[in-house]
Amino acid sequence: MSRCLAAGSRVRLASGEVPIETITNTASIISIRDGVEVVEAIKWIGQRHIDLSRHARPEDAAPIVIRADAIANGRPARDLLISPEHAVFIDGVLVQARALINGGSIAQDRGAQQVTYYHIELDQHGVFYANGLEVESYLDNGDRSFFETDDLPIMLHPALKPHAAFDVRKSGAAYAPFVTDPAAVEPIWRRLAQRSVELGYGATTPQTTQDADLHILADGVALRPIGNADGRVVFLLPAGTRSATVCSRVTIPGDLQSYADDWRRLGVAVRSISIVADGVETTVPADCPLLSDGWHDVERLGSEMWRWTNGAAQLPLNPSSKQMIVTIDCRQVDAYPTYDQRMRPLAA
């Protein structure tokens with residue numbers, strides 16, 4: 001995970017405002033310390049070019065566009081392209097850009113094919129100006145291998161998605177409180193969404209469908225259900241089936257409510273699976289350790305237990321000489337965004 005600014009972002013130095021790609025680590029930058037602008041040295045600059053057209057999960061790396069005046073008048077002064085995880089300084093706290101997406105004044109450019117990101121490190125984590133907007137400096141999160149500027153092995157398929165367990169910004173090392181709690185972010189989001197409407201951009205959400213398109217891919221062949229009652233979906237697998245994948249549309253909760261800070265791909269929530277082969281029934285509960293490839297962690301509420309698929313979850317099968325009946329006890333979400341297929345490949 002890393003947080004960066006796209007090429008073309010104009011950073012305020014002591015000598016004036018310049019494109020970030022022209023800055024060297026000998027320059028002095030204008031930062032903000034305790035509400036006061038100060039001049040300080042740049043410690044390090046990272047750079048990385050990403051081919052989004054070949055990225056396995058382009059939505060994790062495609063830039064967020066913060067339109068001119070989206071935060072306030074002159075903030076930013078012109079459109080700013082920023083990585084999804086990069087935090088902006090607003091209302092005295094740091095909020096990641098993707099949590100502020102409203103589909104209007106703040107949106108993700110999912111049509112981008114290429115992007116070059118840069119990041120600036122100071123002696124201490126701080127805030128500086130990019131296109132007139134206060135944004136965070138680099139804070140080492142163990143992700144320097146994301147960049148091409150160090151003598152380290154380079155991360156081949158960089159993911160800029162949230163990973164709360166390893167985000168040092170939550171440890172108190174950040175310049176200001178780093179907030180991800182929906183209760184804290186939602187009021188900021190709502191204010192900016194209303195401003196988006198006032199600026200004439202509007203605030204939109206993806207088009208959705210209630211159809212999960214649940215099916216099984218058996219040895220590469222798509223099989224549709226032969227029965228569906230009360231959330232128990234029945235499939236008939238041909239004799240000799242060696243591999244089976246539970247496939248469906250997915251929803252990313254953060255795409256519908258960006259402040260929710262939940263960027264998992266959720267397909268269907270499976271309570272249990274029944275597999276009948278050669279007259280013998282095998283029940284696979286949600287906490288079965290064999291449910292691993294394409295399955296999220298088990299969730300519980302009281303006596304209930306379930307496990308979400310990610311849209312392409314492998315079934316634990318023993319090939320049978322006879323047909324197999326697979327019954328999946330599951331529930332789906334109320335709305336599945338009709339994502340661009342490039343943004344939701346079936347493979348994880």
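Not measured: the values here are computed from a predicted model.
- Sorted by first and then second residue, the ring-ring contact (aromatic ring centres under 6.0 Å, His included) pairs with a member in residues 88-115 read F89-Y175; sequence neighbours excluded.
- Side-chain N/O atoms of D278 and S320 include a donor and acceptor closer than 3.5 Å.
- From N102, atom CG reaches atom CD of Q194 across 10.5 Å, with rounding to the nearest 0.5 Å.
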Go through the steps to decide whether I90 and L192 satisfy the test side-chain contact (heavy atoms from CB on, under 4.5 Å), and finish with yes or no. CA-CA 11 Å; I90 180 171; L192 298 183; 3.9 Å; yes
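- In the hydrophobic clustering, where aliphatic and aromatic side chains (Ile, Leu, Val, Met, Phe, Trp, Tyr) are joined below 4.5 Å either directly or transitively, V65 groups with L81.
- Panel note: side chain S83, backbone C4; a donor-acceptor pair is recorded below 3.5 Å.
- Judged by distance alone, with hydrogens and angles left aside, the side-chain atoms of Y117 form a donor-acceptor pair with the main-chain N or O of A61 at under 3.5 Å.
- Residues V326 and V284 fall within the same hydrophobic cluster, defined by Ile, Leu, Val, Met, Phe, Trp and Tyr side chains chained together at heavy-atom separations under 4.5 Å.
- For A269 against W306, the heavy-atom pair with the smallest separation is CB-CD1, 3.8 Å.
- Between the CD1 atom of I273 and the SG atom of C288 there is a distance of 8.5 Å, given to the nearest 0.5 Å.
- Looking only at atom types and distance, the side chain of T116 has a donor-acceptor partner in the side chain of H49 under 3.5 Å away.
- A donor-acceptor pair shorter than 3.5 Å can be found between the side chains of S243 and D219.
- Applying the salt bridge (Lys or Arg N to Asp or Glu O under 4.0 Å) rule to pairs touching residues 189-199 yields D91-R191, E186-R190, sequence neighbours excluded.
- Sequence neighbours left out, the pairs with a member in residues 6-27 that pass salt bridge (Lys or Arg N to Asp or Glu O under 4.0 Å) are R10-E17, R12-E37, E17-R78.
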Report the C-alpha separation of V233 and C330 in whole Å, then their side-chain angles, then the decisive distance to 0.1 Å, and conclude whether the side-chain contact (heavy atoms from CB on, under 4.5 Å) test is met. CA-CA 8 Å; V233 187; C330 65; 4.2 Å; yes
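- Applying the salt bridge (Lys or Arg N to Asp or Glu O under 4.0 Å) definition to pairs two or more places apart or across chains, those involving residues 294-306 are R264-E299, D287-R300.
- Of the inter-residue distances, the one linking I20 atom CD1 with T22 atom OG1 reads 9.0 Å to the nearest 0.5 angstrom.
- In terms of the side-chain hydrogen bond (donor to acceptor under 3.5 Å, both in side chains) criterion, R307 has no residue partners (sequence neighbours excluded).
- Sorted by first and then second residue, the salt bridge (Lys or Arg N to Asp or Glu O under 4.0 Å) pairs with a member in residues 312-332 read R271-D329; sequence neighbours excluded.
- Here the side chain of H296 pairs a donor or acceptor atom with the backbone of R265 at under 3.5 angstrom.
- With hydrogens and angles left out, the side-chain atoms of W295 and T309 include no donor and acceptor closer than 3.5 Å.
- Between A286 and V298, the closest heavy-atom pair is O-CG2, 3.4 Å.
- Remark: the R98 side chain and the Q96 side chain contain no N/O donor-acceptor pair separated by less than 3.5 Å.
- Residues Q124 and E40 form no side-chain contact, since every pair of their non-hydrogen atoms from C-beta on lies 4.5 Å or further apart.
- Residues forming a side-chain hydrogen bond (donor to acceptor under 3.5 Å, both in side chains) with T245 (at least two apart in sequence, or on another chain): Q314.
- For the pair A77 and A68, the tightest heavy-atom approach, listed with the atom from each and the gap, is O-CB, 3.8 Å.
- A continuous path of ILVMFWY side-chain contacts below 4.5 Å connects V18 to L133, so both sit in one hydrophobic cluster.
- The closest donor-acceptor contact from the side chain of W308 to the backbone of G267 lies at 3.5 Å or more, if one exists at all.
- Atom-to-atom distance recorded for I64:CD1 and S258:OG is 9.0 Å, nearest 0.5 angstrom.
- Looking at heavy atoms from C-beta onward, P319 lies out of side-chain contact with T241 at the 4.5 angstrom threshold.
- Taking all atoms of both residues into account, the shortest heavy-atom contact from A335 to T251 is O-OG1, 3.8 Å.
- Under a 3.5 Å cut-off, the side chain of D109 and the backbone N or O of G111 do form a donor-acceptor pair.
- The nearest pair of heavy atoms linking L291 to P285 is CD1-O, 3.5 Å.
- For D69, the salt bridge (Lys or Arg N to Asp or Glu O under 4.0 Å) test picks out no residue, with sequence neighbours left out.
- In this structure, the separation between OG on S196 and CD1 on I106 is 7.5 Å, given to the nearest 0.5 Å.
- With a 4.5 Å cut-off on side-chain heavy atoms, F235 and T327 do not count as touching.
- For the residue pair H86 / E136, no side-chain donor-acceptor distance below 3.5 Å is found, with atom types taken as modelled.
- Listed by chain and residue number, S274 satisfy the side-chain hydrogen bond (donor to acceptor under 3.5 Å, both in side chains) test with E281 (two or more places apart in sequence, or in another chain).
- Interatomic distance, OG1 of T24 versus CD1 of I45, reported as 6.0 Å (0.5 Å rounding).
- Using modelled atom types and a 3.5 Å distance limit, the side chains of D211 and T209 yield no donor-acceptor pair.
- Taken together through direct or relayed side-chain contacts under 4.5 Å among Ile, Leu, Val, Met, Phe, Trp and Tyr, M305 and V246 form parts of separate hydrophobic clusters.
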What verdict does the side-chain contact (heavy atoms from CB on, under 4.5 Å) test give for I275 and L237, after you've listed the backbone C-alpha separation in whole Å, the side-chain angles of each residue and the deciding distance to 0.1 Å? CA-CA 10 Å; I275 302 174; L237 274 59; over 6 Å; no
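- By the 6.0 Å contact criterion, CG on D181 is enclosed, its count of non-hydrogen atoms from other residues, nucleotides or ligands being greater than 12.
- Grouped by direct or indirect side-chain proximity (heavy atoms under 4.5 Å, Ile/Leu/Val/Met/Phe/Trp/Tyr only), V276 sits with I226, V234, L236, I325.
- Considering all non-hydrogen atoms of both residues, A176 and L94 come closest at O-CD1, 3.6 Å.
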Check step by step if side-chain contact (heavy atoms from CB on, under 4.5 Å) holds for I66 and I82. CA-CA 8 Å; I66 303 178; I82 193 170; 4.0 Å; yes
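- Not counting sequence neighbours, F128 has no partner by the ring-ring contact (aromatic ring centres under 6.0 Å, His included) test.
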